[in-house]
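Reading through the structure tokens given below for one structure.
These figures come from a predicted structure and were not determined experimentally. Just so it is clear: chains get the letters A, B, ... in the order the sequence lines come, proteins before strands, and each one is counted from 1.
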Number of protein chains: 2
Amino acid sequence: MGIVRKTKALSTVLQIFEEKNEAKSVVHLIELVKDKMNKTTVYRILDRLEQDGTIHSFNGKDGLKWYAKCEGCSANHHSDKHPHFQCTKCDKVECLPLEIKIPSIKNHKVDSTDILLIGQCEVCSM
Amino acid sequence: MGIVRKTKALSTVLQIFEEKNEAKSVVHLIELVKDKMNKTTVYRILDRLEQDGTIHSFNGKDGLKWYAKCEGCSANHHSDKHPHFQCTKCDKVECLPLEIKIPSIKNHKVDSTDILLIGQCEVCSM
DNA sequence: TCTAATTTTGCAACTCAATTGCATTAACAA
DNA sequence: TTGTTAATGCAATTGAGTTGCAAAATTAGA
């Protein structure tokens, strides 16, 4: 069960994802809202939003957890198979609107993929 | 600078990677050698071996750091672009001898990739 | 609108992987 | 064998993420 009640803390977090379609690390999110709510609350809201399929999570290059808004996902179906790109200079993460073909692997059942491309983003590669 | 001196602790760790070509999490490695050396030593040896290109590291599905022996890598060139597969049931990780085609991304420079496939391995999918 | 049920939050304490500083020990070149 | 310095052990620390519990906020129903 995900979101049940609409609270102030919830809309604060939701707004961050809605005003700019950009991935955010949990650490950064906590920093952004630190005057408005406790870090535990941030973790719990993110959990609930992910259960509802509103956002999806993935691991950044340093092992930190990141979240981004889902496009066309729901609680029962999560199409978070798209790859992410993280810049080594500015650390920003982008969701890439690409399908990456994963060849099937003998005797293995692949449920999900976690693909992170690491390099220099548009701004930092100039 | 990677490995300079050949110590007992070093060969203990190296032997683990050599006797079985299997990825290991740092946590598991520390457990394996806990009677022979300090965990700090394990972390430092892994660092040095990675700098030399003897092993490569990647993040497992739970954010833990894993290491595996490199095939055809050196200190200056690291061909760790191969994907890894982690089983949701037994947690084991395999290095997959596959090339995954990454389409080039406009105005981005991709230096490396971090691809983790998650599912059930040969043993656990039966 | 008021009340009761229950979800959500804040706070403090905790877990656990990973790192750091420093004194001691071990490797090895000369 | 000795001196240099890399490597190690140990204790303390960092930082992300989690947990338990009491207090506060939301919401459904009267």
For atom CG of B:L64 and atom P of D:dA16, their distance in whole Å: 16 Å

Sugar-phosphate only, base, or nothing, as touched by B:I30 at under 4.0 Å among non-hydrogen atoms: nothing

Nearest-angstrom distance from the residue atom NZ of A:K36 to C1' of D:dA24: 20 Å

Any side-chain donor near an acceptor of the partner, A:E94 and B:H108, under 3.5 Å: yes

Any N/O donor-acceptor pair, A:R44 side-chain to C:dG10 base, under 3.5 Å: yes

Nearest-Å distance for atom pair CG/C1', residues A:L10 and C:dT9: 12 Å

Touch class at under 4.0 angstrom, heavy-atom based, for B:T7 against every strand present: sugar-phosphate

Residue B:A9, side-chain atoms from C-beta onward, closest of C:dT7, C:dT20, D:dT8: D:dT8

Out of C:dT8, D:dA7, D:dT8, whichever nucleotide has its closest atom nearest the side chain of B:I45: D:dT8

DNA chain C: 5'-proximal contact among B:K6 and A:M37 (nearest heavy atom): A:M37

Exam field: side chain A:D114 to backbone B:L116, donor-acceptor pair closer than 3.5 Å: no

Any B:R5 side-chain nitrogen or oxygen under 4.0 Å from OP1 or OP2 of C:dT25: no

Passing candidate, side-chain contact (heavy atoms from CB on, under 4.5 Å) with A:V42, options A:V27, A:L32, A:I30, A:T12: A:I30

A:T41, nearest nucleotide to its side chain (from C:dT9, D:dT8, D:dA11): C:dT9

Whichever of B:K8 and B:Y43 has its nearest DNA chain C nucleotide further upstream toward 5': B:Y43

Rounded distance in Å - CG (A:N38) to P (D:dA24): 15 Å

Atom-pair distance (CH2 on B:W66; P on C:dA18), nearest Å: 12 Å

Between C:dA18 (P) and B:D62 (CG): distance, integer Å: 11 Å

B:E31 CD to C:dA17 P, straight-line distance once rounded to whole Å: 11 Å

Given C:dT6, D:dG9, D:dG17, the nucleotide with the shortest approach to the side chain of A:K39: D:dG17

Whole angstrom value for the distance that separates C1' of C:dT9 from CG of A:D47: 14 Å

Check: A:N38/A:T40 side-chain N/O donor and acceptor closer than 3.5 Å: yes

Exceeds 12 heavy-atom contacts within 6.0 angstrom, atom CD of B:E99: no

Options C:dT8, C:dT20, C:dA17, nucleotide nearest the side-chain atoms of B:V27: C:dA17

